[in-house]
Each structure stands twice: as structure tokens, then as C-alpha cells.
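First comes the structure, then the notes that go with it.
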Amino acid sequence: MKNSPKKLFKMFITFFKIGLFTFGGGLAMIPIMEKEFVDNQGWVDKERFVNAISITQTVPGSVAINMSIFFGYNIAGFAGALVAAIGIALPSFFVILTIAVVFKNFSDNVIVQNVLKGIRPAVVGLIIYAGLDLAKYIDWTPPLAGTITLVILIGLTLAVNPAYLILMAIAFGTISYKKKLFKDIKVKFKEAYQEVIKTNA
Amino acid sequence: MPKLIITLMTSFFKIGLFGFGGGYAMISLLQKELETYGWLTMQEFVDIIAIAQMTPGAIAVNSGTFVGFESSSSIIVSLLVTMAVIAPSFILVLLLANYFKKVKDSEYIKTIIRYIRPAVIGLILLAAFSLIGTSIVDIPTFLIAISVIGIMLKTDTDPIALIVISGIFGAFIY
């Protein structure tokens with residue numbers, strides 16, 4: 001029952017549809033997924049859906065694909081995850097492949113060149129905006145401000161792979177966590193010590 | 001050819017593995033790999049970001065498909081590279097689904113994510129800086145970039161509309 005081919009096929013169609021009609025990437029897919037999975041199909045309940053949004057953002061990779069794999073797995077196990085991943089990625093695969101083939105023939109066209117010349121700065125603007133917009137949602141404590149400053153400085157001066165800068169941030173997070181853990185233990189130890197003194201007195 | 005396929009797949013696996021924050025955050029990782037191997041010029045790269053923005057699907061996945069095809073002219077290679085960029089997500093999400101409760105309440109993971117976020121913003125800005133040279137070449141292109149940032153900050157405009165308008169603008173002024 002759980003993994004009937006009929007259900008997997010229905011899942012594939014649903015994910016394919018979402019992949020086909022969602023422009024603008026991950027976050028734009030959320031309301032569409034909610035409507036399909038929670039309201040229309042009843043595959044996932046609302047609370048789990050909300051939890052999944054926050055949790056799949058902690059994993060690297062495209063949010064839309066992460067969420068699809070997560071829901072696919074929740075609905076029908078490993079086969080479900082596989083069907084979801086293929087379903088969500090296939091539409092853009094075909095679209096991009098078509099464009100790649102067509103692009104080769106049109107990229108030398110003068111009008112296409114001029115259109116692209118206008119589009120390129122818009123893309124740069126959109127990327128800068130994406131960075132500024134995300135910055136609004138961060139509580140800029142000194143360690144976090146230090147992290148972004150260091151990332152930008154290293155990025156501008158050394159030709160280091162960005163993956164290392166992510167690893168650096170993970171290392172900072174680990175140090176901060178261990179320090180807090182150590183502090184908590186110290187406080188608890190102090191309290192216990194004073195408790196002992198009090199009861200002995 | 002087999003060597004090219006392996007390099008492409010390793011590269012895009014790495015992009016998928018370190019691409020915290022999705023879409024724009026992955027641009028700097030993509031750019032580094034493309035620069036190292038010369039699979040696309042920076043101009044072509046900005047074009048593919050625009051295409052990815054206007055078509056359904058994630059930027060990293062779309063880039064994988066595009067670069068896979070461009071560098072080999074083979075649909076199979078394109079498919080393999082697309083799979084490589086998704087593979088880390090697939091493995092990590094399945095792990096996550098099994099430890100859902102533990103991960104959700106883990107203070108350690110919360111702290112790490114808190115530190116990854118500013119790094120991701122830094123990477124996004126770095127990616128934008130490095131694309132300026134090939135994209136902002138004169139006063140009109142500079143004005144387009146500034147206007148897009150201003151409009152996005154002040155209003156709730158669809159990015160696709162801005163790309164289309166900028167394209168039309170480009171066709172008319174050049």
C-alpha cells in the first residue's frame with residue numbers, strides 16, 4: 001500500500017508539476033508545495049511542513065530540492081525520495097538543455113548580445129540585493145560581524161576556494177559552542193560548590 | 001572524455017556539498033570551479049544565472065545541466081553532472097530525515113548555522129563583486145545595476161520582470 005507504483009507515479013507527477021511551474025527558485029516553491037502536499041494530497045500535516053522548511057535550510061544545496069527529497073522520503077521512504085528528486089529536477093533539466101542547444105546558435109546574434117548586455121548588470125544587482133536582504137535577518141553580534149568581515153577580506157585578497165570559508169565559519173561556530181558549553185559547566189559547578197558550602201555551614 | 005566527466009562530477013558534487021543557503025549562495029562556489037577549469041567565461045556565467053532566474057529550477061542545478069552540455073555536447077554528461085550536484089543534498093537530507101528530532105533541537109547545529117549565515121552573505125557579495133568587471137562596462141549598465149538594487153530594496157517587484165525590462169533596455173540603447 002505504502003509504496004504502490006500508482007502512488008509513486010502520482011508523486012512523480014506532483015513533483016514534476018511543481019518543478020515545471022516554479023520560477024525564481026527555492027523559496028518561491030514553498031507556497032505551491034504547501035498547497036499540493038498539505039491541502040490537495042494530504043501527504044504531510046501542516047506542522048511537519050513548517051518544521052521541514054526550517055530544517056531543510058540547514059542542509060547545503062537548493063532549498064526546493066532538499067524539501068522535495070525530505071517530503072518524498074516522508075511520504076514513501078527511499079523510493080519516494082528518489083522519485084521526488086527526479087521529478088523536481090527533470091523539468092529544469094529539459095528546459096536548460098533546450099536553451100543550451102539553442103543558445104549556441106543565437107549567442108552571436110547582435111540583438112541577443114545587446115539584450116544580454118542589459119541583463120548582466122541587472123543580475124549583478126539582484127545578487128547584491130540578495131546579500132543585503134539576507135543581512136537584514138541576522139542579529140549582528142561582534143563574532144558574526146567578524147566572521148563576514150574575515151570572509152570578505154580573505155575572499156578579496158586570496159584566491160581561496162569558498163568551501164574553505166564555509167569550513168572556517170563552521171570552525172568558528174564550533175569554538176563558540178564549546179566555549180558556551182564550558183561556561184555553562186563552570187556556572188553549574190560553582191552553584192553546586194556553593195550549595196555544598198551552604199549545607200555544610 | 002572520462003577524465004572530463006570525473007572532473008565535472010567532482011566539481012559539482014563539491015558545489016552541492018558546500019552550497020549552504022541555496023541559490024545565490026552557491027554562485028561563488030560555482031564561479032571558483034568554472035574559473036579554475038575554464039568551462040565557461042564569466043560573461044557566459046552571468047548569462048546562465050539570468051537564464052536560471054527566468055526558467056524554473058535551482059541555479060546550481062541549472063548551471064550543472066548547462067555546463068555539462070556546453071563542455072561535452074553530450075546529454076548523458078549533462079545528466080551525470082546534474083545528478084552530481086544533487087547527490088550531496090540527497091544523502092544529507094536522508095540522514096537528516098532519520099535524525100529529524102535530534103537535529104531540530106541540537107544547540108550545536110543551531111550555533112553552526114548561525115555562523116554559516118554571515119559567511120554565506122559574504123560569499124554572495126564576493127560573487128557579485130567578481131562579476132562586476134564583465135557586467136558593468138559603462139554608465140548605462142552601472143545605472144541598471146543601481147536601479148535594480150534600489151527597486152528591489154524599496155518595492156516587492158518580481159526579479160524576472162526586472163531582468164526582462166533590463167534586456168529590452170539593452171536592446172534599445174545599444
Side-chain angles (χ1 to χ4, degrees), chain A residues 19-20 22-26 55 58-66 69-70 73 81 85 89 91-93 95-97 99-100 111 114-131 134-135 138 144 147-148 151-152 155 161-163 165-166 169-170 172-173 176-177, chain B residues 16-20 22-24 28-29 32 46-47 49-51 55-58 60-62 65-66 69 82 86 89-90 92-94 96-97 108 111-113 115-119 121-126 128 131-132 135-136 141 144-145 148-149 152 159 162-163 166-167 169-171 174:
Chain A
L20 186 61
T22 322
F23 295 81
I55 204 122
T58 66
V59 180
S62 135
V63 177
I65 288 182
N66 290 349
I69 296 168
F70 187 82
Y73 185 74
S92 59
F93 179 76
V95 171
I96 294 295
L97 212 54
I99 289 174
I111 295 171
N114 290 344
V115 167
L116 287 172
K117 207 171 166 191
I119 284 177
R120 281 180 205 130
V123 170
V124 172
L126 286 175
I127 298 173
I128 293 176
Y129 164 74
L134 284 173
I138 288 187
L144 296 190
T147 307
I148 189 172
V151 165
I152 291 179
N161 193 307
L165 297 172
I166 295 279
I170 293 176
F172 287 169
S176 152
Y177 174 75
Chain B
L17 187 60
F18 287 98
F20 288 93
Y24 287 126
S28 62
L29 287 154
K32 185 78 201 167
V46 186
D47 298 344
I49 298 170
I51 291 169
T55 52
V61 178
N62 289 353
T65 309
F66 193 84
F69 186 79
T82 309
I86 300 175
S89 289
F90 196 80
L92 290 171
V93 171
L94 289 198
L96 190 81
Y108 178 47
T111 313
I112 286 187
I113 295 299
Y115 276 80
I116 286 179
R117 274 195 199 128
I121 296 173
L123 291 182
I124 292 177
L125 294 176
L126 283 171
L131 297 176
I132 284 177
S135 308
I136 300 178
T141 47
I144 290 174
V148 166
I149 298 172
M152 289 300 290
L162 290 178
I163 292 180
S166 306
F169 196 66
Y174 292 111

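Just so you know, these numbers come straight off a predicted model, no measurement behind them. A, B, ... follow the sequence lines: proteins, then strands. Residue 1 opens every chain.
- More than 12 heavy atoms of other shown residues, nucleotides or ligands fall within 6.0 angstrom of atom OH in A:Tyr129.
- When all heavy atoms of B:Ser135 and A:Pro121 are compared, the pair lying nearest together is O-CD, 3.7 Å.
- For the pair A:Tyr177/B:Ile112, no side-chain contact is recorded, criterion being any heavy-atom separation below 4.5 Å from C-beta on.
- Contact tally against chain A (heavy-atom pairs below 4.5 Å) for B:Phe66, B:Phe169, B:Phe90: the top residue is B:Phe90.
- Residues A:Ser92 and B:Thr65 are not in side-chain contact: their nearest non-hydrogen atoms beyond the backbone lie 4.5 Å or more apart.
- A pairwise comparison of heavy atoms in A:Ile128 and B:Ala128 identifies CG1-CB, 3.4 Å as the closest pair.
- Note that CD1 of B:Ile51 and CG of A:Leu116 are 7.0 Å apart. Values are rounded to the nearest 0.5 Å.
- Among residues two or more places apart in sequence or in another chain, the side-chain contact (heavy atoms from CB on, under 4.5 Å) test is passed with A:Ala89 by B:Ile86.
- Applying the salt bridge (charged side-chain N to carboxylate O under 4.0 Å, His left out) test to residues at least two apart or on different chains, none of the pairs has a partner in residues 122-131 of chain A.
- Taking A:Ser176, A:Ala130, A:Pro91 one by one and counting their heavy-atom pairs under 4.5 Å with chain B, the maximum is reached by A:Ser176.
- For the pair A:Ile69 and B:Ser89, the minimum side-chain heavy-atom distance is below 4.5 Å.
- Here A:Ala163 is the residue among A:Ala163, A:Gly155, A:Ala135 with the most heavy-atom pairs under 4.5 Å with chain B.
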Practice item. Begin from the C-alpha positions of A:Leu126 and B:Ile163 and carry the test side-chain contact (heavy atoms from CB on, under 4.5 Å) through to its verdict. Key: CA-CA 9 Å; A:Leu126 286 175; B:Ile163 292 180; 3.8 Å; yes

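- Closest approach of B:Ala97 and A:Tyr73 over heavy atoms only: CB-CD2, 3.4 Å.
- Of the residues considered (B:Asn62, B:Ile113, B:Ile124), B:Asn62 shows the highest number of contacts with chain A, using heavy-atom pairs under 4.5 Å.
- Counting heavy-atom neighbours within 6.0 Å of A:Ile138 CD1, excluding the residue itself, gives a total above 12.
- Between A:Pro60 and B:Leu92 the shortest heavy-atom distance is CG-CD1, 3.6 Å.
- Taken to the nearest 0.5 Å, the CG atom of A:Asn161 stands 6.5 Å off from the CG atom of B:Leu29.
- Distance check, rounded to the nearest 0.5 Å: CG of B:Leu123 to CD1 of A:Ile148 gives 9.0 Å.
- Contact annotation for B:Val46: both backbone and side-chain heavy atoms come within less than 4.5 Å of a heavy atom of chain A.
- For the atom pair B:Asp47 CG and A:Ile99 CD1, the distance stands at 11.5 Å (nearest 0.5 Å).
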Review point. Checking side-chain contact (heavy atoms from CB on, under 4.5 Å) for the pair A:Leu97/B:Phe69: CA distance, chi angles, key distance, verdict?
Key: CA-CA 7 Å; A:Leu97 212 54; B:Phe69 186 79; 3.8 Å; yes

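- For the options A:Val95, A:Ile111, A:Leu165, A:Ile170, heavy-atom pairs under 4.5 Å to chain B are most numerous at A:Ile170.
- Taking CG of B:Leu126 as the start and CD1 of A:Ile152 as the end, the distance is 5.5 Å to the nearest 0.5 Å.
- Neither the backbone nor the side chain of B:Ala60 comes within less than 4.5 Å of any heavy atom of chain A.
- One finds the OG atom of B:Ser28 at 7.0 Å from the CD1 atom of A:Ile166 (value rounded to the nearest 0.5 Å).
- The two atoms that bring B:Ser166 and A:Ala122 nearest to each other are OG-CB, 3.3 Å, heavy atoms only.
- Heavy-atom pairs under 4.5 Å with chain A peak, among B:Leu131, B:Ile136, B:Leu162, B:Ile149, at B:Ile149.
- Side-chain contact check for B:Leu125 versus A:Val151: every heavy-atom pair is 4.5 Å or farther apart.
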